[in-house]
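Contents: one structure, followed by commentary.
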Amino acid sequence: MAIWEAILVFFGRFLIFYMIGVIIIYTLMLLLSLLKLRKEYQLDKEELDDDFLSSYYSKPVSILVPAFNEEKGVVDSVRSLLSLRYPQFEVIVINDGSTDLTKETMISYFAMEKLNKVVRKQLENEEIVAIYQSTIHPNLLLVDKLNGGKADALNAGINVSRFPYICSIDGDSILEDRSLLRIMKPIVASNGKVIAAGGNVRIANGLYVEHGAISSPALPNNLLVVMQAVEYLRAFLMGRIALSRYNLVLIISGAFSVFSKSWVIKAGGYAKNTIGEDMELVVRLHRVLAESKEKKRIEFVPDPVCWTEVPSKLSVLRKQRRRWHQGLTESLWRHKRMTFNPKYGAVGMVSMPYFWLIEFLGPIIEIGGYIYLIFALFAGDVYIEIAILLALLLILYGSVFSMGSVLMEAWSVNRYPRIRDIYRLLIMALTEIFWYRPLTLLWRLEGLIRTIFRKREWGKMERTGFQKKEMTS
């Protein structure tokens, strides 16, 4: 019995030391993010945009929109892209064998006609059936191809594209008119040193769309969606800003990211045999750069905003989160020899261990912490003391950092201008540890188990589409 008690005490102390370590890391991330946002806070960004827009150094971009059964949102998404403030770009919508009216909707709304175009096949993709061009917007193309998945659709779009930079956008996403301009700034200003950049993602559920743009951003009523808004703020404003500062970013959102096309092709394009094609490409780019001894950077840019739809039902969110963790696990395992390998610089020595120890193992250890808390309530004695400290650490980790991210959003980016929305976000951040975080931990653990047993399911995102502003007389 004494041995069993010693094991339980040791496990409780291990949980405490692990959580203290995580909290220290996140505190450093929070401080680094604050320093970055403080430096940019007083800049007149619109004036800088105009200066950049009038310069001769902007680079043309091919915007790729993989679309599978996106008939409800694809028109609004494309309209937002066509209204972007950027000197030269093309929009390529890739219809990946949709079974709904995605293709027909595009052809009808944008008056598209079939185009005879020779495609240089630099990456493998499923057969392209036809290519259409809008008679209204000559820079808008529709690629109709057999179904092969998102990665395959993006590879097809790269083959069709004609510009040196590609921007991948989800079919249900809407960009603000200056987003492309701002995400391209570090690439253009670095003279090729930055080969990829990811933008900020905000939640568009329940928002009104007017002429392809978000009108009066506000939080929806769905509490599950609001909780995801808090989660996105923490992930983007705290984690990625800090990692980006030292070229440690391993994930940039597929909902809005820009890449040098030549480097994507060198890395072999998007991987079709993995669930997390976004992270897989970024990790592979880091690997290719290190092995070729190129001093290039991959950055996260906090200001350009992309609005996208997120799951509004627990069942859909569960599939999404376990898929994300499967993608993370697959990428880490596939590139495991980079971990603690000085050949890969800071990515191998810092970023890979961070993702293994915190992102990969986090769900297992945190769920162990919740189980320990429940056990301690019945066991008493020394376990109660450990459990109280552990509970305080879990609250600090699970809620305080989320609240800090909400306050950073209100202070700097401020995409939720209404005070009552900020209050709602803060209140939801306080409740996270009691219901939302345990659920996401279980789903992530489920994703790990599915990876071990090699079960794959991409899952289906149910789209509701964006609401339209009603015209008033």
Side-chain angles (χ1 to χ4, degrees), residues 18 21-22 24-26 28-29 32 123 151 154-155 168 186-187 190 192-198 235-236 238-254 257-300 323-365 444-445 447-452 454 456:
Y18 177 85
V22 171
I24 290 172
I25 290 171
Y26 271 87
L28 290 173
M29 284 185 169
L32 288 170
L123 300 170
L154 287 166
N155 287 340
S168 67
I187 293 174
S190 70
K193 187 176 180 181
V194 176
I195 63 162
F236 284 94
M238 192 170 74
R240 297 189 191 180
I241 291 177
L243 292 172
S244 175
R245 182 166 182 167
Y246 299 101
N247 197 25
L248 297 173
V249 173
L250 293 189
I251 302 174
I252 54 178
S253 176
S257 51
V258 175
F259 296 91
S260 163
K261 184 166 73 173
S262 62
W263 277 104
V264 171
I265 292 171
K266 284 179 186 177
Y270 286 87
K272 294 186 283 186
N273 57 346
T274 183
I275 289 179
E277 71 284 331
D278 307 325
M279 179 178 179
E280 169 62 26
L281 176 59
V282 176
V283 177
R284 201 161 2 103
L285 281 171
H286 277 298
R287 185 171 181 169
V288 170
L289 289 171
E291 290 173 352
S292 58
K293 297 183 177 174
E294 292 279 355
K295 300 294 183 182
K296 306 289 186 181
R297 292 182 55 83
I298 297 172
E299 293 194 358
F300 170 73
R323 184 179 74 245
W324 284 4
H325 205 70
Q326 279 185 263
L328 170 78
T329 305
E330 286 181 0
S331 291
L332 290 176
W333 181 254
R334 184 173 295 185
H335 302 282
K336 58 185 178 294
R337 72 185 183 92
M338 293 174 65
T339 308
F340 289 119
N341 189 337
K343 176 181 177 180
Y344 298 98
V347 170
M349 299 302 292
V350 179
S351 195
M352 291 293 287
Y354 163 81
F355 276 88
W356 274 114
L357 294 173
I358 296 180
E359 299 297 337
F360 171 75
L361 287 177
I364 302 172
I365 296 174
R444 289 165 66 189
L445 182 60
L448 173 59
I449 294 170
R450 291 175 67 85
T451 303
I452 293 171
R454 298 184 179 182
R456 288 190 175 185

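Start at 1 with the first residue, then count along the sequence. What you see is a predicted model; the values in this text were computed from it and never measured.
You'll find the side chain of I358 reaches within 4.5 Å of the side chain of Y26, heavy atoms only. By the 4.5 Å heavy-atom criterion applied to side chains, I195 and R297 are not counted as neighbours. Between V350 and Y246, the closest side-chain pair of non-hydrogen atoms is not below 4.5 Å. Counting heavy atoms from C-beta outward, R334 and N273 have side chains that approach closer than 4.5 Å. I251 is not listed as a side-chain neighbour of V282, based on a closest heavy-atom distance of 4.5 Å or more. Looking at L361 and W356, their side chains never come closer than 4.5 Å, going by heavy atoms from C-beta outward. Side-chain contact check for T451 versus W333: every heavy-atom pair is 4.5 Å or farther apart.
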Inset, instruction - Show your working on side chain to side chain contact (heavy atoms under 4.5 Å, CB included) between L243 and M29 and close with a plain yes or no. - result: CA-CA 8 Å; L243 292 172; M29 284 185 169; 3.8 Å; yes
Inset, instruction - May I have the step-by-step check of side chain to side chain contact (heavy atoms under 4.5 Å, CB included) for K266 and S292, ending in yes or no? - result: CA-CA 11 Å; K266 284 179 186 177; S292 58; over 6 Å; no
Inset, instruction - Would you sort out whether M279 and W324 count as a side chain to side chain contact (heavy atoms under 4.5 Å, CB included), showing the intermediate values? - result: CA-CA 10 Å; M279 179 178 179; W324 284 4; over 6 Å; no
Inset, instruction - Dump the intermediate steps for side chain to side chain contact (heavy atoms under 4.5 Å, CB included) on L32 and M238, then the final yes or no. - result: CA-CA 8 Å; L32 288 170; M238 192 170 74; over 6 Å; no
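Using cut-offs of 30° and 60° for the angle between ring planes, the Y270 and F259 rings count as perpendicular.
Residues V249 and H286 share a closest heavy-atom pair of O-NE2, 2.8 Å. Residue G348 comes nearest to P353 through the heavy atom pair O-CD, 3.3 Å, listed as atom of the first residue, atom of the second, then distance. Between L445 and P363, the closest heavy-atom pair is N-CB, 4.3 Å. Across all their heavy atoms, G447 and Q326 have their closest contact at O-CG, 3.0 Å. Nearest approach of F340 to M349, heavy atoms of both residues: C-SD, 3.5 Å. Nearest heavy atoms, Y344 versus R287: CE2-CG, 3.8 Å.
Judged by distance alone, the side chain of S190 and the main-chain N or O of I187 form a donor-acceptor pair under 3.5 Å. Judged by distance alone, with hydrogens and angles left aside, the side-chain atoms of S244 form no donor-acceptor pair with the main-chain N or O of E299 at under 3.5 Å. Judged purely by atom type and a 3.5 angstrom limit, E280 has no side-chain atom pairing as donor or acceptor with the backbone of G327. In this structure, S351 contributes its side chain and L248 its backbone to a donor-acceptor pair below 3.5 Å. In this structure, R444 contributes its side chain and E359 its backbone to a donor-acceptor pair below 3.5 Å. For the pair S331 (side chain) and L328 (backbone), a donor-acceptor distance under 3.5 Å is absent. N247 contributes a side-chain N or O that, together with a main-chain N or O of K296, makes up a donor-acceptor pair within less than 3.5 Å.
Rounded to the nearest 0.5 Å, atoms CG (L281) and CD1 (I252) are 7.5 Å apart. Remark: T339 OG1 to L332 CG distance equals 7.0 Å, nearest 0.5 Å. Atom CG of L289 and atom CZ of R284 lie 12.0 Å apart (nearest 0.5 Å).
Ion pairing between a basic and an acidic side chain is recognised when a charged N comes within 4.0 Å of a carboxylate O; E330 and R450 show no such pairing.
Within a 6.0 Å sphere centred on NZ of K336, other residues, nucleotides and ligands contribute more than 12 heavy atoms.
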